[in-house]
2 protein chains.
Amino acid sequence: MARKSLVGVVADELLDRIISGEFPPGSSVPGELELSARHDVSRMTVREAMKTLEAQRILSVERGRGTFVNPLNRWSSLEAVLRAASEGQNGPAAAVQLIELRRMLETGACELAAQRITDAELEGLRDCVADMRKAHQGNDVASFVAADLAFHDQILQASENVFVAVLFEPLHRVLEQGRTETSKVPDIQEHAIGHHQNIYEALAARDPQQARNAMDAHMLQTLSDLRSYVLET
Amino acid sequence: MARKSLVGVVADELLDRIISGEFPPGSSVPGELELSARHDVSRMTVREAMKTLEAQRILSVERGRGTFVNPLNRWSSLEAVLRAASEGQNGPAAAVQLIELRRMLETGACELAAQRITDAELEGLRDCVADMRKAHQGNDVASFVAADLAFHDQILQASENVFVAVLFEPLHRVLEQGRTETSKVPDIQEHAIGHHQNIYEALAARDPQQARNAMDAHMLQTLSDLRSYVLET
DNA sequence: AAACGACAGATGTCTGACATCTGACAAAGC
DNA sequence: GCTTTGTCAGATGTCAGACATCTGTCGTTT
């Protein structure tokens, strides 16, 4: 059952303690010896756990002095920040902020893609929309979500901006589950197909402004879907 | 001179070898024993170096099988991706892509800020512009850059979106040096002051669309400045 | 009062050992 | 012949103890 290594367990628990506020930013975490005693593991295991948190800029290790918690805005792990931001009753607010972020990246990428997309990539997008239609008629939620994701991936790739793709990847993972939920509703599926069709046409026309607007409409629709979904459940 | 720990040195060199193409994505890197022999360090040191790269999703460690290089789009470290993307003659292209990314985030944050900014934050922005004017007249480049950065930071904070701030932080570090260079030119300083003034006024009017457009104009100007700067040097 | 030195506590590194997982190959059983 | 099983090499996971080195502090010395 517990498939994670000991290092992962220790790192997770330490991060939990940090997020819970036990070690606020700027303060120091217990020494390696103390943690190894607490978790009943060797010092090396604790060190490797610390190293993973240090690599994500969650901790700063200073030789001879100790290990300190960085302020949240220096963390480089979206997932960790998400965990921290979702504490207490902030879950919905964090979800909205994630969509806002996604909106920035996707509309921007779509604008760039309109200037750079190739004919082959356009064809791929058309196929994705066709797949979504087919899945919608056949009530195949899994295929629908897959085609949806493929569509957005294709645009990201067509934007030819590596950094956007890199920043978007963790978002992809985080938003994946929620997407499957909302995509179950037939009405939402139909809206999505329409928006994707519009985006495709704008990209085919290679009109950056129109492409951005089409994607923006899609994002706002998604945000609206999320709001009603979060409210009713 | 060499203030970095051994772990950092080993991690850096291994990352260099990966970026140079010696270990392409999907392939495996040498085992811990082989690396410890090559760098003349203990196996534990190699392991900690690997852990840092694994935490940045550059490597995937699989027990009993080996350690493998992830494809570039799974890396979570903007700096590492930047190093990889700047290889060979791709430096300028990477710089342009960074500005494009910055444009997405800053225009998006500015649009959000227009809906949420407080009076106190507006006053802070006005002070920043005033400081820029003062530094411009006094030929104080350092103060000018500082006020410029503070202005953008304030907007980021006013957007009230933690995730945008988190994604922007590494960009901040990367773009910092280039900013100091371009800010030396008096003409560019004057342009920047005008744009910042426009942004401030749009935010004061709490008009999201106008704020986005003002920031977008600023970003396009910056991109144009960068292009002419890169071309002539 | 300032400079020095000893000291405790923290992280950095090394050595060697054993545990456990994976993949491959060979031997045993049907 | 074909499947099953045992064994083995090689890889990562974890442990224990030791020593090195840096930092801040607190007396002691000058």
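Throughout, protein chains are lettered first and strands after them, A, B, ... in sequence-line order, and every chain is numbered starting at 1. Computed from a predicted model, the values in this text were never measured in an experiment.
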I'd like a table of atom pairs between the protein and nucleotides 13-15 of chain D - only N or O on both sides, under 3.5 Å - with the distance next to each one.
residue, atom, partner, partner atom, Å
D/dG13, OP2, B/R47, NH1, 3.0
D/dG13, OP2, B/R47, NH2, 3.2
D/dG13, N7, B/R43, NH2, 2.9
D/dG13, O6, B/R43, NH1, 3.2
D/dT14, OP1, A/L6, N, 2.4
D/dC15, OP2, A/S42, N, 3.0
D/dC15, OP2, A/S42, OG, 3.4
D/dC15, OP2, A/T45, OG1, 2.5

Legend entry - Between CD1 on residue A/I58 and CD1 on residue A/I19, distance to nearest 0.5 Å: 7.5 Å

What's the [atom1]-[atom2] distance between [X] and [N], to the nearest Å?
| X | N | atom1 | atom2 | value |
| --- | --- | --- | --- | --- |
| B/F68 | C/dT22 | CZ | C1' | 10 Å |
| B/M50 | D/dA11 | CE | P | 11 Å |
| B/R65 | D/dG10 | CZ | C1' | 13 Å |
| B/L53 | D/dT12 | CG | P | 14 Å |

Legend entry - Matching residue for A/L35 among A/V10, A/T67, A/V46 - test: side-chain contact (heavy atoms from CB on, under 4.5 Å): A/V46

Inset, instruction - Answer whether the closest heavy-atom distance between the side chains of A/L125 and A/V129 falls below 4.5 Å. - result: no

Legend entry - Side chain proximity check, A/L59 to A/V69, heavy atoms < 4.5 angstrom: yes

Legend entry - Aromatic ring pairing B/F151/B/H196, orientation class (parallel under 30°, perpendicular over 60°, tilted between): perpendicular

Inset, instruction - Might you confirm whether atom CZ of A/R74 has over 12 heavy atoms from other residues, nucleotides or ligands at distances under 6.0 Å? - result: no

